[in-house]
Student: 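There's a structure below that I have some questions on.
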Protein chains: 2
Amino acid sequence: MRQALTLAESVMYITSPNPRVACLIVRDGQLLASGATQMAGGPHAEVMALRQAAERGLEVAGSTIYVTLEPCSHFGRTPPCVDALVAARPARVVVAMHDPNPLVSGQGIAKLHAAGIPVTTMVCAAEALALNPGFVARMTRKTPWVWLKLAASLDGRIALENGQSQWITGPAARADGHHWRARSCVVLTGSGTVKADDPQMNVRHVDTARAPIKAIIDTRFEVDENARIFDGTRTWVFTSHNDPAKAARLAERNVQVIEMPADGARVNLHAVMHWLGQHDVNEVHVEAGSRLSGALLQAQCVDELLIYTAPVLLGAGMGMVCLPGMENLSDAQRFQFTDTQSVAPDLRLRARHIDRWNALLQAVQPPNANPNH
Amino acid sequence: MRQALTLAESVMYITSPNPRVACLIVRDGQLLASGATQMAGGPHAEVMALRQAAERGLEVAGSTIYVTLEPCSHFGRTPPCVDALVAARPARVVVAMHDPNPLVSGQGIAKLHAAGIPVTTMVCAAEALALNPGFVARMTRKTPWVWLKLAASLDGRIALENGQSQWITGPAARADGHHWRARSCVVLTGSGTVKADDPQMNVRHVDTARAPIKAIIDTRFEVDENARIFDGTRTWVFTSHNDPAKAARLAERNVQVIEMPADGARVNLHAVMHWLGQHDVNEVHVEAGSRLSGALLQAQCVDELLIYTAPVLLGAGMGMVCLPGMENLSDAQRFQFTDTQSVAPDLRLRARHIDRWNALLQAVQPPNANPNH
């Protein structure tokens, strides 16, 4: 299964909005064939692996098939994979996690059982979920999985008092950040960052056949129409200010302006997340200033932190997130460190929101093991 | 040699002001005997190992002897170890690093050479130095090796705006911090921390036969005589304010008050560090508020950062270090991450001052390889 997870990781950048899935066909400890999900509309992992076995003239019947997600049981852009698996007559199927898609949700496994094929499930489920938190989040809670990328000094400064922020972290950390942009469906920023830094917010330093959509939270629709982020690739602007003429001009540059209800002085961020979920967005990479970052945190919209920390103490300067003063330390949202990586000279720290991760883990349990199902 | 380094690590808490050193006697890949330096005044590693070999009735002549520091060549509290080694007639001696003590400084190796014993040096030198940065710093630059311990949120807050700071990091991080107190010669804090938190600043959670001395930077000598830190164990107060009566009262509680020149509004921190070096202090563990921590950094007195970071973002609150605003990011002192350790639920990050570490590494090179020698 670990080999299958590694293979699924190899298609990290391309499968969205479909989950990253891999399938291995094994007999007597020998790998016969393997496959991973292709770009949306292309074949799923199971079909890729079965095709490869056929091309090699190898018999699948009697083998063990490993798949990192429950095989689909419905007609989507492709026919149900489970039918292809049943037809291949494996001796056994091993599944990492259940598919929380309401169109599947145990029916893939049930079909295998009904065909008399023994199925083992929940093998490396947490690792499998880590490949597809966005897909599972969208299927279960109808909003994407959101990570907040921040780059700061050890004492949490993202800029000096004079605003200088280029560069606290090094080129390797910046390049690494592009991998996270590349795996996301949407790179989200704020109008303040667009105004201050005029970033491109696209994927560089990474080869990828699929580019994430760019999105801006711009409550008062003040963004400069000539900002570099409007480079002709698909971009969304979420605003609470109606300006059809500006929206029409931007539309010519592949920009869609989406009006959202306001929540006080800002676009309602929950409404944005639900809109994104409805528009097939699995994963959101947030790269914004301390105000939008803080507002997303405060609105409980941040599922994961992706923090690059530089080995330097700056003292005075801009903080990572604007949050209102807390009365008690126990009021703070608790995350859990998951992995720490040297990205010399900096460190990359990741931490997940404990409760929201556990909710996803619960959602990929077998239906009968899930009291909330 | 790695085995010797591990053995030297086992006496981390007790040898000060002597370096932590271990010695292994090996023949044909078999360990005959081993020893580590004992408490000051007790035998050094080489003598401990030779004694063990004698007790076991094993012949040392012709063996290979590994030692993590150049054997001493002078009469201190004990006779020169190099004479004992020569008398034992090993076939070869392997040394991790040279002893920068001006009383040794190559003479230990020279004596072995003169006795016709081949010597290999600089084997795992950086690892050996990491066991004794304070000893090497004191021998070469006359001041101790200083680390700054800080516990903060991911966004660098050590307290909420209302001052609440207990606890941002968890009990495991606090217990881990006591290991660092235990290995130090001096635990240094400021009068502000004594006033705000009334800490004991002693070693708990760790079994150790040697307790570090406690020290307070208290420029105006305002410390409360009934503070818990004055528990009858040896404590130093560095001040620029002369109050003999208060000093005399504190002396009865094992407190030595040391008058220091002022440097603006604060005790001259360089003077404190030199005084500590003159008083056999190898390693200083600083656990202070953001003002003293910042002042030590600004005075270039911090050699290493020891940071416990909690997986939480607090937004508003107290920063880790008070430093004057910088004009340029390039003005910041650069550290280098050395190791990252999970101390669940927190992380422990260590980073060394690059230039000051490299200066020590240079100092433990063989004399002829060191152009500054």
Student: Check each atom of B:L305 against the heavy atoms of chain A and say whether the ones under 4.5 Å are side chain, backbone, both or neither.
Tutor: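 Interface part for B:L305: side chain.
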Student: Among B:V312, B:I354, B:V302, B:L150, which residue forms the greatest number of heavy-atom pairs with chain A at distances under 4.5 Å?
Tutor: B:V312
Student: Among B:S165, B:A152, B:A316, B:P311, single out the residue with the greatest number of heavy-atom pairs under 4.5 Å to chain A.
Tutor: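 Winner by heavy-atom pair count: B:P311.
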Student: Which atoms of B:L313 are under 4.5 Å from chain A, going by heavy atoms: the side chain, the backbone, both sets, or neither?
Tutor: both
Student: Which region of A:L314, side chain (C-beta onward) or backbone (N, CA, C, O), has a non-hydrogen atom less than 4.5 Å from a non-hydrogen atom of chain B, or is it both or neither?
Tutor: both
Student: Check the surroundings of atom CZ in B:R204: do more than 12 heavy atoms from other residues, nucleotides or ligands lie under 6.0 Å from it?
Tutor: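 Yes, the 6.0 Å shell around CZ holds more than 12 heavy atoms from other groups.
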Student: Examine whether an atom of B:N162 lies under 4.5 Å from a heavy atom of chain A, and if so say whether it belongs to the side chain, the backbone or both; otherwise answer neither.
Tutor: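 Contact with chain A: side chain only.
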Student: How many angstroms lie between CD1 in A:I307 and OG1 in B:T309, if you round to the nearest 0.5 Å?
Tutor: 7.5 Å
Student: I'd like to know which of A:S153, A:A310, A:G156 tops the heavy-atom pair count under 4.5 Å against chain B.
Tutor: A:G156
Student: Return the option, out of A:Q166, A:Q164, A:M320, A:E161, with the maximum number of heavy-atom pairs under 4.5 Å with chain B.
Tutor: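 Greatest number of close heavy-atom pairs with chain B: A:Q164.
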Student: Enumerate by number any residue of residues 321-343 of chain B whose heavy atoms lie under 4.5 Å from heavy atoms of chain A; in the absence of such residues, state 'none'.
Tutor: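 When heavy atoms of chain A are the reference, residues 321-343 of chain B contributes B:V321, B:L323, B:G325, B:M326, B:E327, B:N328, B:L329, B:A332, B:Q333, B:R334, B:F335, B:Q336, B:F337, B:T340 within the under-4.5 Å range.
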Student: Got a second to check how far B:L349's CG is from A:L349's CG, nearest 0.5 Å?
Tutor: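 One finds 6.0 Å between CG of B:L349 and CG of A:L349.
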Student: Kindly check if the number of other-residue, nucleotide or ligand heavy atoms within 6.0 Å of CZ (A:R291) is above 12?
Tutor: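 Atom CZ in A:R291 is not crowded, with 12 or fewer foreign heavy atoms closer than 6.0 Å.
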